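Heads up, the thing below is written out as structure tokens.
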Amino acid sequence: MSQNPTPGQPSATAPPSLDAVVIGAGFGGMYALHCLRELGLSVRVFDDAVSVGGTWSWNRYPGARVDFPGGPFYCYTFSEDLVREWDWTETQPDQPSVLAYLNFVADRLDLRRDIQLQTRVTAAQYDEAAQRWTIQTSTGDRVSAQFLLCAVGTLSAANRPDIPGLDSFAGECFHTGHWPQHKVDFAGKRVGIIGTGSSGVQAIPVIARSSAHLTVFQRTPQYAIPAGNRPLDPAFVRQIRDIWPQIRRQMVQSPFGAPFVPSTCSALDDTPQQRQALYEKHWQKGGLGIAFDTYHDILFNADANRTLADFVCAKIRRIVRDPVIAEKLMPDYLIGTKRLILDEGYYETFNRDNVSLVDLREDPIEAVTPTGVRTRGGEHPLDMLILATGYDAITGALQNLNPRGRGGLTLKEAWAERFSTYLGMAIRGFPNLFMIHGPQTPSVLFNMPLGAELEAEWIRDCIGYLREHRLGAIEPAPGVEAAWGEEVAEVASHTLFPLTDSWYTGANIPGKHRQFAVHLGGSQYFQRLSDVAARGYEGFQVEPESVAVSAQRT
Ligand code: N01
């Protein structure tokens, strides 16, 4: 294929030329590199982080663990060798284990020689005549590539809340998604944490155990289910490895990418006693099965949903000894329509003497001061403040990248009113740009490593098709994005998800437009990707190779 000059090498005339640049070295970007190498392409991966791992490199906060059916299912699934060679030890692996796994894969697949870390992509501009992207980085690199793959993460653009005085805080202040490399010492400190989503709920019990005092600033009470983390049974792992191709097939065909057969029963067909017994069984076992393996209509029917919500609320009342605190912790939205949280002793933490809860709905934050947080009710003195305030999810990192497409149009301009994509993989006006876990893919509501694999393989095959047919550029045809947007909204409208303000809908970021960002079709979505490819990339428009692209290939 094309020449492969040393990336980053300065040139007086044209920037060094590659076939593809990948942004992001997490699960998706690493596998994209592996896939594109299979085509013989020259590829460079850029990532701002100090190590490979994407979200697992940034989220080093205490308590971070996989919240999906974890070991041995949350991993690269394409290679039986990798599955056999890595021993997961727990059902819900912690962040150091997942990061160690990703480092193992980087070595095992010899990925590092094409990954440039601590390098942020600062600009990406498409040249229509050349059919190529020019990419600039924070370290001064300027490279040209025919294809630009954005594997920038769905939950990577941290939401730093606009609270008056935040910058004036004199103590240590960390966002969970940008946790420092060094060990953070909580001993003897008065710690405050703002936010009770998955990150906050995972961190709170751990910090409470090791700090002098923890103040939890809660705006929205949350449903949390016991994670049920336990050591993996080696006999179970052996059994899974022996039938891995079958397990992988089952995951690909399931609604959420998990190797479980979904229930076909309605919660409303069982008696209250039967429901109670089933929910209790899953509560004791732990994990997301309580919502996904019990009844098929928890996320589709508000009455069915209420049965599970009531069960969890009753648990909170039983676990939390102070009834006033228990009521403050009581969630009041449709369970599962914000990300369902797996915890390790979250509600129990509020029985500790060194933990206090501030209900921001009745006692809102007025300001952060140099010495703490001031709410309407008074000052809360703190030595450390933790922001577990989430992300500008799914679209935020892409908009921060803000590539310039045809005619110099930026992505921020293109998406000023609403975002639009075709299949969540490509954007009209931005030829040869592909996204992994882009908006309008199943992304966060599917097994993310597996979803990334399936998307990267589709991109590899698409680029292979372009090369085979001597085509130089591809982008969505007119009209297909609108139809795709309608399809995504239509699938979501049959569920309860759009009824709740969440980061799935963009409601967590002030001023962000409301638009459901996830394709809820799961396996059907991936079947759709295959069908589009089988029909010669239906819905895309292509251009013959430019002179520049032809020259690059010869
Ligand atoms: O973020 P979130 P997260 N004042 O947006 C509050 C994944 N994940 O980092 O709900 C006060 O869920 C906000 O309040 P409200 C997982 O998919 C996975 O916790 O907007 N509070 C909320 O309580 C998850 O869903 C793992 O009213 C403010 C919290 O901050 C996703 O990441 C682990 C505020 C933000 O919750 C995001 O989770 C962790 C303000 N100004 C995360 N602004 C795994 O285990 C925001 N909040 C793999």
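Because only heavy atoms are used, hydrogens play no part in the values below, and waters and symmetry mates are left out as well, while side chains stay in. As the structure lists them, so they are numbered: ligands from 1, and atoms in each ligand from 1. Index from 1, following the sequence. What you see is a predicted model, and the numbers here were worked out from it, not measured in a lab.
Both tests hold for Lys338 against Tyr333: distance to the six-membered ring centre under 6.0 Å, angle to the ring axis within 45°.
Some N or O of Ser199 is nearer than 3.5 Å to an N or O of ligand 1, by distance alone. Between Tyr391 and ligand 1, not a single N/O pair is under 3.5 Å apart.
Atom 1 (O) of ligand 1 has Gly390 CA, 3.1 Å as its closest protein atom, hydrogens excluded (heavy atom only). The nearest heavy-atom contact from the protein to atom 36 (O) of ligand 1 is Gly197 CA, 3.5 Å. The protein atom (non-hydrogen) at minimum distance from atom 24 (C) of ligand 1 is Ser198 OG, 3.3 Å. The protein non-hydrogen atom at the shortest distance from atom 6 (C) of ligand 1 is Gly195 CA, 3.7 Å. At the shortest separation from atom 11 (C) of ligand 1 among protein heavy atoms lies Ile194 CG2, 3.5 Å. Here the protein heavy atom with the shortest distance to atom 5 (O) of ligand 1 is Trp503 CD1, 3.5 Å.
Every atom of ligand 1 is numbered from 1 in the order shown, and the set under 4.0 Å from a heavy atom of Thr220 is 10 (O), 15 (P), 27 (O). Interface atoms of ligand 1 facing Arg65, defined by a heavy-atom separation under 4.0 Å, are 44 (C), 45 (O), 48 (C). Which parts of ligand 1 touch Pro161 is read off a 4.0 Å heavy-atom cut-off, strictly below it: atoms 41 (N). Listed by number with element, the atoms of ligand 1 under 4.0 Å from a non-hydrogen atom of Lys338 are 10 (O). Heavy-atom contacts of Leu360 reach the following atoms of ligand 1: 11 (C) (cutoff under 4.0 Å). Interface of Asp67 with ligand 1, defined as ligand atoms under 4.0 Å from a residue heavy atom, comprises 18 (C), 26 (C), 44 (C), 45 (O), 48 (C).
When the heavy-atom distances from atom 14 (O) of ligand 1 to Gln202, Arg160, Arg219 are ranked, the shortest goes to Arg219.
A heavy-atom separation below 4.0 Å is found between Tyr61 and ligand 1. The shortest separation from a heavy atom of Trp56 to ligand 1 is under 4.0 Å, placing the residue in contact. Using a non-hydrogen distance threshold of 4.0 Å, Thr196 registers as a contact of ligand 1. Put simply, part of Ala388 is less than 4.0 Å from ligand 1, judged by heavy atoms. Within the 4.0 Å heavy-atom cutoff, Gln218 does not count among the residues contacting ligand 1.
Here Glu366 does not pair with Arg376 in a salt bridge; the nearest charged N to carboxylate O distance is not below 4.0 Å. The pair Arg339-Asp67 meets the salt-bridge criterion, with a side-chain N (NZ, NE, NH1 or NH2) lying under 4.0 Å from an Asp/Glu carboxylate O. Here Lys315 pairs with Glu280 in a salt bridge; the nearest charged N to carboxylate O distance falls below 4.0 Å.
Between Arg248 and Thr77, the side chains place a donor N or O and an acceptor N or O closer than 3.5 Å (distance only, hydrogens not considered). For the residue pair Thr375/Asp363, the side-chain donor-acceptor check at 3.5 Å is satisfied. Residues Gln515 and Thr505 bring no donor and acceptor atom of their side chains to less than 3.5 Å of each other.
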Check step by step if salt bridge (charged side-chain N to carboxylate O under 4.0 Å, His left out) holds for Arg361 and Asp332.
-> CA-CA 13 Å; Arg361 287 177 172 179; Asp332 57 5; 3.3 Å; yes
side-chain contact (heavy atoms from CB on, under 4.5 Å) between Val22 and Ile115, worked out | CA-CA 9 Å; Val22 177; Ile115 298 177; over 6 Å; no
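Applying side-chain hydrogen bond (donor to acceptor under 3.5 Å, both in side chains) to Tyr31 and the options Glu457, Glu455, Glu453 leaves one that passes, Glu457.
Taking the side chain as every heavy atom from C-beta outward, Leu387 and Ile193 never approach each other to under 4.5 Å.
The 12-atom threshold is not exceeded at CD of Gln524, counting heavy atoms of other residues, nucleotides or ligands nearer than 6.0 Å.
Annotation: Trp88 is in aromatic contact with Tyr101 [ring centroid separation under 6.0 Å].
The proximity of Leu155 to ligand 1, defined as any non-hydrogen pair under 4.0 Å, is limited to the side chain. At a heavy-atom distance under 4.0 Å, no atom of Leu342 approaches ligand 1.
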